[in-house]
Amino acid sequence: MYDGAYENAFTLRSKSDSNSENLLRKFQLVQDLLVKMLGNITASQTMCVRLSQIQDTGKLKDEHASLAKAFCTVKMRECVGWAREVTRS
């Protein structure tokens, strides 16, 4: 099944004109950014879930919360930047 998909994509790529090639490249860049965004969102959500589990055990420290806040802030800023890039294209 994957081989067939690859062959079709390869055939499409080799037969496409320059305008289609640009559209395909643009689509792939957008897909790459969306995957990165989803990865950051999932990582941040998972960290928050883990923090709540640690809090339920009574072992949560300020250091844990500060680290999670810093990590999630950086990842969400990346996502916003990528979203802006996607919407501009």
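Predicted model, so just to flag it, every value in this text is computed and none were measured.
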W82 and L34: side-chain contact (heavy atoms from CB on, under 4.5 Å), yes or no, with the steps? CA-CA 8 Å; W82 291 329; L34 292 174; over 6 Å; no

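- Between atom CG of residue D56 and atom CD of residue Q53 there is a gap of 7.5 Å, rounded to the nearest 0.5 Å.
- Annotation: the span from L33 atom CG to L38 atom CG amounts to 12.5 Å, rounded to 0.5 Å.
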I'd like a table of donor-acceptor pairs (distance under 3.5 Å, sequence neighbours excluded) in which one partner is a side-chain atom from residues 59-75, with atom names and distances.
residue	atom	partner	partner atom	Å
H64	ND1	K61	N	3.0
S66	OG	D62	O	3.0
T73	OG1	K69	O	2.7

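- For the pair S52 (side chain) and V49 (backbone), a donor-acceptor distance under 3.5 Å is present.
- Expressed to the nearest 0.5 Å, how far OG1 of T42 lies from CE of M37 amounts to 11.5 Å.
- The other members of the hydrophobic cluster of I41, by chain and number, are M76 (side-chain heavy atoms under 4.5 Å, ILVMFWY only).
- The salt bridge (Lys or Arg N to Asp or Glu O under 4.0 Å) analysis of residues 30-55, with sequence neighbours excluded, yields the pairs D32-K36.
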